[in-house]
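Contents: one structure, followed by commentary.
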Amino acid sequence: MTRKDPRTFLERTLTAMKSSASCEIRTNEHERIADGMSPSGDSPSWTVRPYLRAREIRVGWTDGLLMHNDGTPCNGGLWHPDTEYNRLLLLSAVAEGQRLFGLTTHWLEERDA
């Protein structure tokens, strides 16, 4: 707790986790040792660093279904940020591809950016 933020450590961590970000939590014990101070019996200080986990999505399809202009096979579309709007558009594209070519021909792929 600090004077500026009266919430407990747990409250601050849970607030950070409620957002679309995750958080990295570690003790600052190594900093105290690096400064020449020995670890004391006091409770360690903590650092909470929220960070975003960016995701990307794209439409994938079976091999040989579509080709590039030069004749090489193409098995997926461009990667887009995983937003609600992009997901809705790409799911519509998957549904249309499945309607035209069959149920197992198109799907939505995800990856960490």
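Each residue takes its place number in the sequence, starting with 1.
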My understanding is that only residues two or more places apart in sequence, or in another chain, count here; which of them pass salt bridge (charged side-chain N to carboxylate O under 4.0 Å, His left out) with D70? none

Going by chain and number, the hydrophobic cluster around L88 (ILVMFWY, side chain to side chain under 4.5 Å) further includes none

Results of side-chain contact (heavy atoms from CB on, under 4.5 Å) for T105 - residues two or more places apart only: T62, L65, F101

CH2 of W79 to CG of L90, rounded to nearest 0.5 Å, is 10.5 Å

Identify the two heavy atoms, one from L78 and one from R58, that lie closest to each other, and give their separation to 0.1 Å. O-CB, 3.2 Å

Applying side-chain contact (heavy atoms from CB on, under 4.5 Å) to P73 and not counting sequence neighbours gives M67

Counting neighbours of CG on L100 that are heavy atoms of other residues, nucleotides or ligands and sit closer than 6.0 Å, is the number greater than 12? yes

Heavy-atom pair with the smallest gap, counting every atom of P81 and I57: O-CG1, 4.3 Å

I'd like to check the side chain to side chain donor-acceptor pair (under 3.5 Å) partners of D112; sequence neighbours left out, ordered by chain and number. R55

By side chain to side chain donor-acceptor pair (under 3.5 Å), W107 pairs with (sequence neighbours left out) E109

Apply salt bridge (charged side-chain N to carboxylate O under 4.0 Å, His left out) to E56 and list each qualifying residue two or more places apart in sequence or on a separate chain. R111

Mind jotting down which residue pairs meet the salt bridge (Lys or Arg N to Asp or Glu O under 4.0 Å) criterion with at least one end in residues 87-105? Sequence neighbours excluded, please. D82-R87, R87-E110, E96-R99

Shared-cluster residues of Y85, by chain and number - hydrophobic side chains joined below 4.5 Å: L89

Partner set under side chain to side chain donor-acceptor pair (under 3.5 Å) for N75, not counting sequence neighbours: none

